[in-house]
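Inspection log for the structure reproduced underneath, given as structure tokens.
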Amino acid sequence: MLDGRWVADHLDEARKGLARRSPETSALLDAAGPLFERRRELIGKTEALQARRNAANEEMSKLAKGGDKATFAARRDELKELSGQIKTLEDELGKVEREVEERLLSIPNLPHATTPDGQSSDDNPVQRTWGEQPSYDFEPKPHWEIGAALGILDFERASKLSGARFSVLWGMGARLERALVAFMLDLHTREHGYTEVYPPFMVKAAALRGTGQLPKFEADLFKTFRNDPEDPDALYLIPTAEVPVTNLHADEILEGDQLPLAYTAYTPCFRSEAGSYGKDVRGLIRQHQFDKVEVVRFVPPEQGAQQLELLTGHAEKVLQRLGLHYRVVALCAGDLGFSSVKTYDLEVWLPSQNAYREISSCSWFTDYQARRAKIRFRAEPKGKPRLVHTLNGSGLAVGRTLVAILEQFQQEDGSVIVPEALRAFMGTDRLSAR
RNA sequence: GGAGGAGUGGCCGAGUGGUCUAAGGCAGCGGUUUUGAAAACCGCCGUACCCGUGAGGGUACCAGGGGUUCGAAUCCCUUCUCCUCCGCCA
């Protein structure tokens with residue numbers, strides 16, 4: 001979340017920044033100024049009375065020992081009155097603070113100066129393109145046809161088990177999924193310096209609040225409960241490893257010389273995607289459950305911008321090693337994720353759709369997540385704690401990588417060439433129907 | 001799931017209603033001493049927020065929330081976490 005104090009002091013600047021996302025967004029600030037003033041005022045009043053009570057307590061302590069019952073009783077009655085006033089003020093202050101907090105939690109981050117203007121994904125400028133767009137002297141098939149013909153992809157049985165938007169991988173399909181996870185984790189740990197993490201796949205609401213999924217995006221999540229759907233301790237299935245991995249350091253003060261911290265994690269991801277029905281109804285592109293290898297970095301604020309380039313490069317390396325043609329776009333302000341100030345999407349080429357499709361999203365959150373999750377560090381051993389900057393990116397979405405491999409490396413006879421980098425894991429250089 | 005026990009500052013640990021601003025120790029930082037080091041001694045040593053240009057002042061926080069009281073780390077209720085034993089179990 002944004003710094004409430006900064007927002008109160010820079011309302012115009014904040015409003016301008018949010019307006020780059022959308023006009024409605026900047027309206028979220030309208031009540032912020034007066035509310036913050038009210039908070040200040042209440043803190044002043046409350047603390048003044050609390051100070052009086054503290055002073056009186058000392059006196060009461062002496063009176064209690066002195067044995068002057070009458071004076072004691074008189075003072076006690078006065079103080080009862082004071083305590084009542086304090087209680088009222090504290091309750092009021094609590095209400096205002098909760099309201100400030102609630103509002104701040106639903107205000108998105110301010111787009112970075114280098115984030116391009118624009119309203120939708122159509123306005124995202126292409127930064128660079130890697131590799132040659134492959135050409136085929138036959139009509140390239142969609143991955144679900146290729147997968148069905150190879151006997152490795154099964155949506156009918158998945159539907160029997162779990163309904164729409166689930167999939168079953170068979171045989172070499174399942175193995176390819178596993179190979180991709182292992183390949184990606186190996187690359188990031190051995191060559192890019194990431195520490196591998198295996199986190200829980202279910203988290204508390206606090207973790208989701210820390211990274212920004214809650215309170216605004218509850219509808220996109222799967223929530224679990226035992227008896228009571230409103231149970232405040234109910235757990236959610238993670239929509240991305242970003243959530244458990246970023247929150248690993250919630251409520252911590254890190255030492256400056258530990259930074260940057262770099263973690264990579266494989267997890268399944270669970271998304272309800274309530275708003276997206278009708279899109280990508282066929283195939284593996286949009287599923288309620290999918291695998292992803294994520295990379296997450298905790299860095300000093302000064303390094304945020306350069307670390308985004310570094311992290312994006314690490315995600316790109318996966319595609320490069322696999323030989324998959326892709327491009328990089330910069331998300332425009334209107335298309336930017338809630339917590340991000342700047343995001344690069346990697347888009348892989350899908351010949352059957354004659355389009356580039358998102359396979360990774362690499363974002364810089366400045367101190368927005370760190371403030372929510374209270375992730376701080378000391379630049380100097382004795383220095384004041386400061387908020388870190390967090391970044392993360394998919395490295396990569398595994399299911400979509402599998403899709404890209406099937407589609408880009410498909411052959412006219414229905415077989416699929418296995419990329420060099422995966423052959424040791426797969427034990428073969430080609431997937432064929434038998 | 002059942003029965004017990006526990007949750008204090010980076011760590012250990014004292015503290016069961018009023019010198020409250022949490023004893024003491026360890027670790028850490030600064031200094032004295034020393035040719036240097038160790039040891040010893042002295043000092044410092046949490047976080048957030050509010051007021052103040054500043055020096056500084058104030059408030060809150062002893063797992064979380066609520067309550068009793070003039071006053072709570074200390075009593076009561078509740079949630080969570082951890083430990084021990086029993087049951088079940090990949």
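Here the structure is a predicted model, which means the values were calculated and not measured.
To the nearest whole angstrom, the two C1' atoms, one in B:C42 and one in B:C50, are 35 Å apart. Separating the P atom of B:G64 from that of B:U8 is a span of 10 Å, rounded to the nearest Å. To the nearest whole angstrom, the two P atoms, one in B:G4 and one in B:G58, are 47 Å apart.
A 3.5 Å limit on both hydrogen-bonding distances identifies B:G2 as the Watson-Crick or G-U partner of B:C85. Pairing partner, B:A90: none, since no Watson-Crick or wobble contact has both distances short of 3.5 Å. B:A40 is paired with B:U32 under the Watson-Crick or G-U wobble criterion, all donor-acceptor distances under 3.5 Å. With a 3.5 Å ceiling on both atom-pair distances, the Watson-Crick or G-U wobble partner of B:C61 is B:G46. B:U21: no Watson-Crick or G-U partner with both key distances under 3.5 Å is found in any strand. Nucleotide B:G56 forms a pair with B:C51, judged by Watson-Crick or G-U wobble geometry with both contacts under 3.5 Å.
Note that A:Arg75 lies outside the cation-pi zone of A:Phe72, set by a 6.0 Å cut-off to the ring centre and a 45° limit from the axis.
For A:Ser83, a side-chain nitrogen or oxygen approaches OP1 or OP2 of B:G71 to under 4.0 Å. In terms of phosphate contacts, A:Arg39 brings a side-chain nitrogen or oxygen within less than 4.0 Å of OP1 or OP2 of B:C50. Close to B:U47, at under 4.0 Å from its OP1 or OP2, lies no side-chain N or O of A:Arg376. Look at A:Arg40 and you'll find a side-chain N or O under 4.0 angstrom from OP1 or OP2 of B:C51.
Centroid-to-centroid, the aromatic rings of A:His389 and A:Phe298 stay 6.0 Å apart or farther.
As rounded to whole Å, 15 Å separates atom C1' of B:C70 from atom CG of A:Leu49.
Distance from the side chain of A:Leu79 is smallest to B:C70 among B:U59, B:C70, B:C49. When distances run from any side-chain atom of A:Glu58 to the nucleotides B:G67, B:G71, B:C20, the shortest one goes to B:C20.
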